[in-house]
Protein chains: 2
Amino acid sequence: MARRADRSAEQPRAPLSRDRILRAAIDLADREGIESLSMRKLGQELGVEAMSLYNHVANKDEILLGIADIVGSEIYLPSTRSGWRTAMRRRAISARDAFSRHPWASGLMEARIDPPVPATLRQHNAMIGSLRAKGFSIGAAAHAFSVLDCYIYGWAGQEVTLPFDTPDEVGGLAEASLAQLPRDEYPHIVEMITEHILKPGYFYAAEFEFGLDLILDALEKLKEIPRAAAGDGGT
Amino acid sequence: MARRADRSAEQPRAPLSRDRILRAAIDLADREGIESLSMRKLGQELGVEAMSLYNHVANKDEILLGIADIVGSEIYLPSTRSGWRTAMRRRAISARDAFSRHPWASGLMEARIDPPVPATLRQHNAMIGSLRAKGFSIGAAAHAFSVLDCYIYGWAGQEVTLPFDTPDEVGGLAEASLAQLPRDEYPHIVEMITEHILKPGYFYAAEFEFGLDLILDALEKLKEIPRAAAGDGGT
DNA sequence: ACCTGAACACCGTTCAAGT
DNA sequence: ACCTGAACACCGTTCAAGT
């Protein structure tokens, strides 16, 4: 049906489908932010009235859950074939990357539990599986799981507010906020920006892996601690 | 003016003010969630039309910034009079408590930078000040700051989704999600719930302090590392 | 089977009008 | 100086009507 050259973006040929709706929703959220993702705008994006969407999707919530699941599925799933440390490290960096491509996704994934996001369940299951297979007690695995996910989601939350990709942009934002800051009220923030963040050797992106390795080092020791001492609930 | 006994909740006597509006907004957000905080409902809460609010506040954004700042001011401000570790620990636990009283606040505080929340600036300034005063290099202070805040905000983000106060409620939620879970698809999650979370000795609340102490232990060593090795940017 | 127009109950915000 | 009604441009969602 009409695979002509003059087909413009406003005239979608493919029939509407759940899948096309979710892809368009991700595009829209990436481009204009999650708060701009409305049923009406999404319909417009697909060359259709908002009400047509309800033929393929129960409601907006199903769309949010769907796009959270798609992004969640982009994250590396920890495997028992590698050591726990490399598995945890790869997953953490993969998650950081996914949330950096889709800054709205971390909020959606962590907030949603009533129907939980399937990708999140797979992630959690694989994490615990990897840790258990490599000798972590059940309590130590719970600790490791909790610390790592708080760190990863916490980072993703901060990064939403820092929308830059290159070191240059970090410097630009730092200079801008420095200019607005009441300098005598926050002397230590001023020092941090001028004496550290604006220095040539600083890379914001490296901060994530530094903290990650710091936590992984600490978990290394946790693994060797016997059940009770790791706070398993055995008194 | 009419300080009578029959004064009902629907008839506020005190004149409208920025302060009264912010207090009412916090109450409403605590009671019904931040997504229910609308200008119209807030006006209703104060016995006034929504449009009256604009006489005391520029727009809804100023309200969000205002209530984020009030909650942020409830958090213990790190002092240089105690050691860095106790200062960081007290602040972290105080922040956890504040975000647990006001689950909507962490999202507001971490998301807002265009006008930054003053309380957040004070917190960051005091954190860096405490670390610097106790011998952390500027780079080590940046690392410590980043890891701690990611962990704290990450925890707060997870806790939004887990609205319970007592160990009993944790168990209840765990049982409920276990019942809904496709058990053979997520065997390790099932094990975690049945063999750990539902066991008598488990306390969810203790998990936060465990991860916090694990990070603080790691930071202890970071302090002793010389400039370059701590990733300060000096090659 | 899929799409749509009109409608409903909500939003934030502006502005002229009231006191 | 403060409050309000009406209005505007938006939301998500339902439902009867169209093809």
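Here is the naming used below: chain letters follow the sequence lines, and residue numbers restart at 1 for every chain.
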Given Watson-Crick and G-U pairs under 3.5 Å, DNA chain C in dot-bracket ([ ] crossing, | other strand) is ||.|||||...|||||.||
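- Atom NZ of Lys41(A) is separated from atom C1' of dG12(D) by 14 Å (rounded to the nearest Å).
- For the pair Glu35(B) CD and dG12(D) P, the interatomic distance rounds to 15 Å; values are reported in whole Å.
- Taking CG from Leu64(B) and NZ from Lys60(B), the interatomic distance works out to 6.0 Å, rounded to the nearest 0.5 Å.
- The distance from atom CD of Gln44(A) to atom C1' of dT4(C) is 15 Å, rounded to the nearest whole Å.
- Residues that satisfy the ring pair (Phe, Tyr, Trp, His ring centres under 6.0 Å) test with Phe208(B), not counting sequence neighbours, are Tyr151(B), Trp155(B).
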**OP:** Evaluate side-chain hydrogen bond (donor to acceptor under 3.5 Å, both in side chains) for Glu191(A) paired with His196(A), printing each intermediate quantity in order.
**Re:** CA-CA 7 Å; Glu191(A) 187 207 22; His196(A) 186 58; over 6 Å; no
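- Rounded to a whole Å, the CZ atom of Arg40(A) is 15 Å from the P atom of dC11(C).
- Sorted pairs that involve residues 50-59 of chain A and meet side chain to side chain donor-acceptor pair (under 3.5 Å), not counting sequence neighbours, are lacking altogether.
- With rounding to whole Å, Ile21(A) atom CD1 is found 12 Å from dC2(C) atom C1'.
- Straight-line distance from the CG atom of Leu37(B) to the P atom of dC11(D): 20 Å, rounded to whole Å.
- The side-chain heavy atoms of Arg31(B) and Glu45(B), taken from C-beta on, include a pair separated by under 4.5 Å.
- The shortest side-chain heavy-atom distance between Leu212(A) and Ile93(A) falls under the 4.5 Å cut-off.
- Not a single side chain to side chain donor-acceptor pair (under 3.5 Å) links Arg40(B) to another residue, sequence neighbours left out.
- Put simply, the side chain of His143(B) does not reach to within 4.5 Å of the side chain of Leu214(A), judged on heavy atoms.
- Within residues 49-63 of chain B, the residues that place at least one heavy atom under 4.0 Å from DNA chain D are, in residue-number order, Glu49(B), Met51(B), Ser52(B), Asn55(B), His56(B).
- With rounding to whole Å, Leu64(B) atom CG is found 10 Å from dG12(C) atom P.
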Check: residues 114-126 of chain A side-chain donor-acceptor pairs under 3.5 Å, at least two apart:
unit_1, atom_1, unit_2, atom_2, d
Arg122(A), NH2, Ser73(A), OG, 3.0
Gln123(A), OE1, Arg91(A), NH1, 3.1
Gln123(A), NE2, Ile75(A), O, 3.2
Gln123(A), NE2, Tyr76(A), O, 3.3
His124(A), NE2, Asp149(A), OD2, 3.2
Asn125(A), OD1, His188(B), N, 2.8
Asn125(A), OD1, Ile189(B), N, 3.2

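- Atom pair Met39(A):CE and dG5(C):C1' shows a separation of 17 Å (rounding to whole Å applied).
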